[in-house]
Amino acid sequence: MPEEELVELKFRIYDGSDIGPFRYSPASTVAMVKERIVSEWPKDKKIIPKGANDIKLINAGKVLENNKTVGQCRVPFGELPRGVITMHAVVQPSLAKAKAEKKVDDVPRKSFCSCSIL
């Protein structure tokens, strides 16, 4: 029985630096990959994800779903055999957290609207 070929991935973050490359089984889920990214994220960066749900992975212009496997996310064309696949890792805090923070930071503003009909 042939040995399962591992997929080599690296992740480009917001400032152009890379995390990885790491080797994954095609059966590994995107959620597992995100957990590894969180653990390997450089601590000296300005933006740091708090958890795997804060990260969006993008490959070939598509946001990858947590329940998909690495094997399902590979783009069949344009890959070099045994080449490293670069994915973008974007930090996007969950909406509930962002809304809670926004409420705290909101300063009440008085807005006036006036219309003049000549």
Side-chain angles (χ1 to χ4, degrees):
M1 187 171 210
E3 191 176 309
E4 188 178 71
E5 187 176 323
L6 297 177
V7 180
E8 197 165 7
L9 303 174
K10 70 177 178 179
F11 307 96
R12 179 120 332 132
I13 61 176
Y14 67 92
D15 65 352
S17 60
D18 291 335
I19 298 173
F22 304 114
R23 298 181 75 147
Y24 295 96
S25 161
S28 300
T29 64
V30 171
M32 293 166 56
V33 172
K34 287 181 178 183
E35 289 292 338
R36 174 108 187 245
I37 293 170
V38 170
S39 68
E40 299 287 337
W41 195 274
K43 303 300 180 209
D44 62 338
K45 299 296 178 190
K46 195 173 174 181
I47 300 172
I48 299 175
K50 291 180 175 66
N53 288 334
D54 290 349
I55 295 178
K56 303 288 183 226
L57 286 181
I58 302 170
N59 184 34
K62 297 187 185 219
V63 176
L64 306 182
E65 298 173 24
N66 287 342
N67 59 349
K68 298 281 186 183
T69 65
V70 170
Q72 291 171 324
C73 297
R74 290 175 67 178
V75 179
F77 56 89
E79 284 185 17
L80 297 173
R82 302 187 190 277
V84 178
I85 300 168
T86 302
M87 295 185 179
H88 292 269
V90 179
V91 178
Q92 183 178 11
S94 65
L95 291 175
K97 289 179 189 175
K99 285 182 181 179
E101 289 174 8
K102 187 175 180 182
K103 287 180 184 176
V104 171
D105 294 339
D106 266 350
V107 176
R109 296 182 189 161
K110 295 180 181 179
S111 61
F112 296 99
C113 180
S114 66
C115 297
S116 298
I117 300 175
L118 300 174

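Residues: numbered from 1 along the sequence shown.
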Are [X] and [Y] joined in one hydrophobic group, where the rule is that I, L, V, M, F, W and Y side chains link up if heavy atoms are under 4.5 Å apart?
X     : Y     : value
Ile85 : Val90 : no
Leu57 : Ile47 : yes
Ile58 : Met87 : no
Ile19 : Val63 : no

With a 3.5 Å distance limit and no angle check, can you tell me whether Trp41 reaches the backbone of Lys50 through a side-chain donor-acceptor pair?
no
What closest approach, in Å, do [X] and [Y] show between heavy atoms, and which atom pair accounts for it?
X     : Y     : value
Glu35 : Ala52 : OE2-CB, 3.3 Å
Lys10 : Gly20 : CB-C, 4.3 Å
Val84 : Leu9  : CG1-C, 4.3 Å
Asp18 : Arg12 : OD1-NE, 2.6 Å

Flag side-chain contact, heavy atom, 4.5 Å: [X] against [Y]:
X     : Y     : answer
Phe22 : Val33 : no
Ser25 : Leu6  : yes
Ser17 : Lys45 : yes
Tyr24 : Met32 : no

Lys46 atom NZ, neighbour heavy-atom count above 12 within 6.0 Å:
no
Nearest 0.5 angstrom please: [X] [atom1] to [Y] [atom2], how far?
X     : Y     : atom1 : atom2 : result
Asp54 : Ile37 : CG    : CD1   : 12.5 Å
Gln92 : Ile55 : CD    : CD1   : 11.5 Å
Ile48 : Ile13 : CD1   : CD1   : 9.5 Å

Walk me through whether Asn53 and Asn66 qualify under side chain to side chain contact (heavy atoms under 4.5 Å, CB included).
CA-CA 9 Å; Asn53 288 334; Asn66 287 342; 3.9 Å; yes
